[in-house]
Novice: 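If you scroll down you'll find the structure; I have some questions about it.
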Amino acid sequence: MMNAEVEEMEDTAVCEVDVRSVTVRFSDGVEHAFPVRPDQTILAAAKEHDVRLVHQCLTGSCGTCVTRVASGKVRMSTARGTSLLPSEAAEGFRLTCTSFCDSDAVLQFDYPSSVLDEPGPARCTAEVADAAWVASNVVRLTLRLPKDAGLEFRSGQYVRVQVPGTEEWRSYSMASTVADLPELVLLLRVLDAGVMSDYLRSRARAGDLIELEGPFGMFYLREAKGQHIMIAGGTGLAPMLGMLEDIRMRAGRKPKVLLSFGCASEDNLFYVDELDVRAAWLPGLKVKVAVANPGEAYRGLVGNPVEVISAADISDPATAVAYLCGPPPMIESARAHLERLGVLPENIHAEHFSASAA
């Protein structure tokens with residue numbers, strides 16, 4: 001009997017040793033600590049102990065639950081692919097929905113705890129007001145939401161939309177602001193094949209009904225006084241448009257803004273005139289537009305939106321804040337380039353997308 005009791009105590013002691021302690025810290029200084037078992041993801045443990053963290057997909061594909069490891073050993077599951085880039089992982093970023101603790105750890109989240117008190121995602125049926133081609137491979141989709149939709153979002157976030165006639169859902173950043181509601185504008189890349197691309201190319205009509213859910217994501221305009229650097233590839237321009245409008249409408253002194261926008265070819269370019277108008281409205285805005293593979297008659301900047309940015313474009317790297325949106329290779333390149341120019345890693349915010357989401 002005594003041996004059984006000792007054995008039970010030893011088992012309990014082992015379990016206690018195996019449990020890790022995780023402290024999560026938010027940008028407003030609020031922090032919470034909770035235990036995490038070795039076989040339990042950080043997000044699952046947080047839910048178990050009523051600690052709220054922003055998340056969405058639970059599979060690592062959306063990147064919403066990203067955090068930075070301040071201390072400790074935190075590994076991500078290798079059993080499935082995630083949206084996290086190798087450079088981001090090397091800098092200590094992890095996705096809580098696929099990460100496990102190998103030691104006690106402290107995690108830093110790049111948003112205030114108050115974000116968790118904001119209204120959650122809403123779902124509604126929107127009506128297509130217009131579907132206009134603005135480039136050879138880009139459609140501007142304007143949706144009209146019901147007045148009671150309850151969609152409150154920050155510029156930079158995204159929504160999920162259901163492709164009409166299918167069970168498929170796709171995610172797109174808003175190109176408009178909450179002030180534009182009940183109209184919502186999306187910029188969609190059209191591929192050679194894909195359920196949304198096929199819909200846009202062959203049967204999209206005004207009056208179509210589309211299921212919509214959102215907002216999602218932690219890519220949004222931060223409060224910062226330093227220069228704002230925005231790098232957009234293709235339809236990655238969408239969230240930047242909302243951010244620019246928010247900056248323009250804010251009271252007080254406006255920060256300097258550098259927007260570098262690029263496309264593969266001239267016929268892929270869109271909204272160039274729109275950007276000229278934005279620059280006139282916002283005197284502190286400098287716009288660079290580049291084409292990677294131009295024709296003979298092209299007279300603009302040649303290259304991608306990352307390489308056309310030089311040290312001379314950044315007034316004070318130590319205080320600059322950067323926003324990146326585009327394909328993963330562009331994000332990877334932009335992050336490395338900006339860090340070489342002196343921009344602090346913690347001031348670089350990214351939203352990456354892939355063609356498979358079309």
Side-chain angles (χ1 to χ4, degrees), residues 128-143 158 161 163-164 170-176 184-206 208 229-245 257-280 285-309 313 323-334 337 350-358:
V128 174
D130 185 45
W133 288 82
V134 294
S136 63
N137 65 341
V138 178
V139 167
R140 181 185 63 233
L141 186 66
T142 304
L143 302 178
Y158 66 91
V161 297
V163 184
R170 296 293 183 262
S171 298
Y172 301 102
S173 300
M174 278 81 80
S176 52
L184 187 75
V185 178
L186 308 175
L187 295 173
L188 282 58
R189 183 186 177 197
V190 180
L191 303 177
D192 293 337
V195 290
M196 179 60 85
S197 295
D198 292 344
Y199 165 73
L200 293 172
R201 190 168 29 241
S202 62
R203 62 182 193 280
R205 300 290 184 276
D208 288 352
I229 302 168
M230 301 179 180
I231 303 179
T235 52
L237 179 65
M240 310 306 184
L241 295 172
M243 290 181 181
L244 289 175
E245 183 64 12
V257 182
L258 169 65
L259 170 63
S260 186
F261 167 53
C263 292
S265 61
E266 293 166 79
D267 65 333
N268 293 161
L269 281 178
F270 59 96
Y271 270 39
V272 176
D273 292 340
E274 170 82 8
L275 294 178
D276 288 340
V277 172
R278 301 277 177 139
L285 170 62
K286 177 181 180 180
V287 177
K288 288 193 166 189
V289 176
V291 171
N293 303 298
E296 293 182 2
Y298 180 73
R299 294 294 179 267
L301 289 173
V302 176
N304 64 54
V306 177
E307 62 191 10
V308 298
I309 295 177
D313 293 314
Y323 301 92
L324 320 175
C325 189
M330 190 213 81
I331 299 296
E332 188 99 42
S333 173
H337 185 59
E351 182 78 282
H352 25 77
F353 56 79
S354 61
S356 60

Novice: Do V161 and L186 have side-chain heavy atoms sitting under 4.5 Å apart?
Specialist: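 V161 reaches L186 side chain to side chain.
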Novice: If only atom types and distance count, is the side chain of S197 paired as donor or acceptor with the main-chain N or O of L191 below 3.5 Å?
Specialist: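 Flag set: sc S197 to bb L191 pair under 3.5 Å.
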Novice: Under the side-chain hydrogen bond (donor to acceptor under 3.5 Å, both in side chains) test, which residues partner R201, sequence neighbours left out?
Specialist: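 For R201, the residues satisfying side-chain hydrogen bond (donor to acceptor under 3.5 Å, both in side chains) (neighbours in sequence not counted) are D198.
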Novice: What heavy-atom pair brings A290 and G303 nearest, and what distance separates the two atoms?
Specialist: CB-O, 3.5 Å
Novice: Taking only Lys NZ, Arg NE, NH1 and NH2, and the carboxylate oxygens of Asp or Glu, determine whether K288 and D313 approach each other closer than 4.0 Å.
Specialist: yes
Novice: Quick one: side-chain hydrogen bond (donor to acceptor under 3.5 Å, both in side chains) partners of D276, sequence neighbours excluded?
Specialist: none
Novice: Counting C-beta onward and ignoring hydrogens, is there a side-chain heavy-atom pair between S260 and V306 closer than 4.5 Å?
Specialist: no
Novice: Keeping E266 on the side-chain end and G295 on the backbone end, is there a donor-acceptor pair under 3.5 Å?
Specialist: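 Yes.
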Novice: Would you check if the side chain of T142 reaches a backbone N or O of A129 as a donor-acceptor pair within less than 3.5 Å?
Specialist: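 Answer holds: no.
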Novice: Suppose we screen for side-chain hydrogen bond (donor to acceptor under 3.5 Å, both in side chains). Which residues come up paired with E274, at least two apart in sequence or across chains?
Specialist: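 Expected list: R278.
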Novice: Rounded to the nearest 0.5 Å, how far apart are SG of C325 and CE of M330?
Specialist: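 Atom-to-atom, C325:SG and M330:CE are 7.0 Å apart.
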Novice: Please list all pairs passing the salt bridge (charged side-chain N to carboxylate O under 4.0 Å, His left out) test where one or both residues lie in residues 296-308, with sequence neighbours left out.
Specialist: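 Sorted pair list comes back empty.
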Novice: I need the minimum non-hydrogen distance between R189 and T235, along with the two atoms involved.
Specialist: N-CG2, 3.7 Å
Novice: Under 3.5 Å, is there a donor-acceptor pair between the side chain of Y298 and the main chain of L301?
Specialist: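 Yes, the answer is positive, given that a donor and an acceptor are paired below the 3.5 Å cut-off.
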Novice: So, using side-chain hydrogen bond (donor to acceptor under 3.5 Å, both in side chains) as the criterion, who are the partners of N137 when residues are at least two apart?
Specialist: N268
Novice: For the CE atom of M243 and the OH atom of Y323, what is their distance to the nearest 0.5 Å?
Specialist: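 Rounded to the nearest 0.5 Å, the CE-OH separation comes to 6.0 Å.
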Novice: By the salt bridge (charged side-chain N to carboxylate O under 4.0 Å, His left out) test, which pairs, at least two apart or in different chains, include something from residues 133-143?
Specialist: D130-R140
Novice: Among V289, I229, I231, L237, whose side chain to side chain contact (heavy atoms under 4.5 Å, CB included) with L259 holds?
Specialist: L237
Novice: If you take all heavy atoms of A232 and P305, which pair is closest and at what distance?
Specialist: O-CG, 3.6 Å
Novice: What is the distance from atom SG of C263 to atom CG of N304, rounded to the nearest 0.5 Å?
Specialist: 11.5 Å
Novice: Between M196 and Y172, is there a side-chain heavy-atom distance shorter than 4.5 Å?
Specialist: yes
Novice: Can you tell me how far CZ of R205 sits from OH of Y199, rounded to the nearest 0.5 angstrom?
Specialist: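 So the OH of Y199 and the CZ of R205 are separated by 8.5 Å.
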Novice: Would you check if the side chain of H337 reaches a backbone N or O of I309 as a donor-acceptor pair within less than 3.5 Å?
Specialist: yes
Novice: Restricting to non-hydrogen atoms, name the atom on A175 and the atom on L241 that form the minimum distance, rounded to 0.1 Å.
Specialist: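 That closest heavy-atom pairing would be O-CB, 3.6 Å.
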Novice: Please determine which of D267, L269, V302 meets the side chain to side chain contact (heavy atoms under 4.5 Å, CB included) test together with V291.
Specialist: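 Going through D267, L269, V302 one by one, the side chain to side chain contact (heavy atoms under 4.5 Å, CB included) with V291 is satisfied by L269 alone.
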Novice: Taking all non-hydrogen atoms of both residues into account, name the closest pair between L187 and F270 and its distance.
Specialist: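 Heavy-atom minimum between the residues: CD1-CE1, 3.7 Å.
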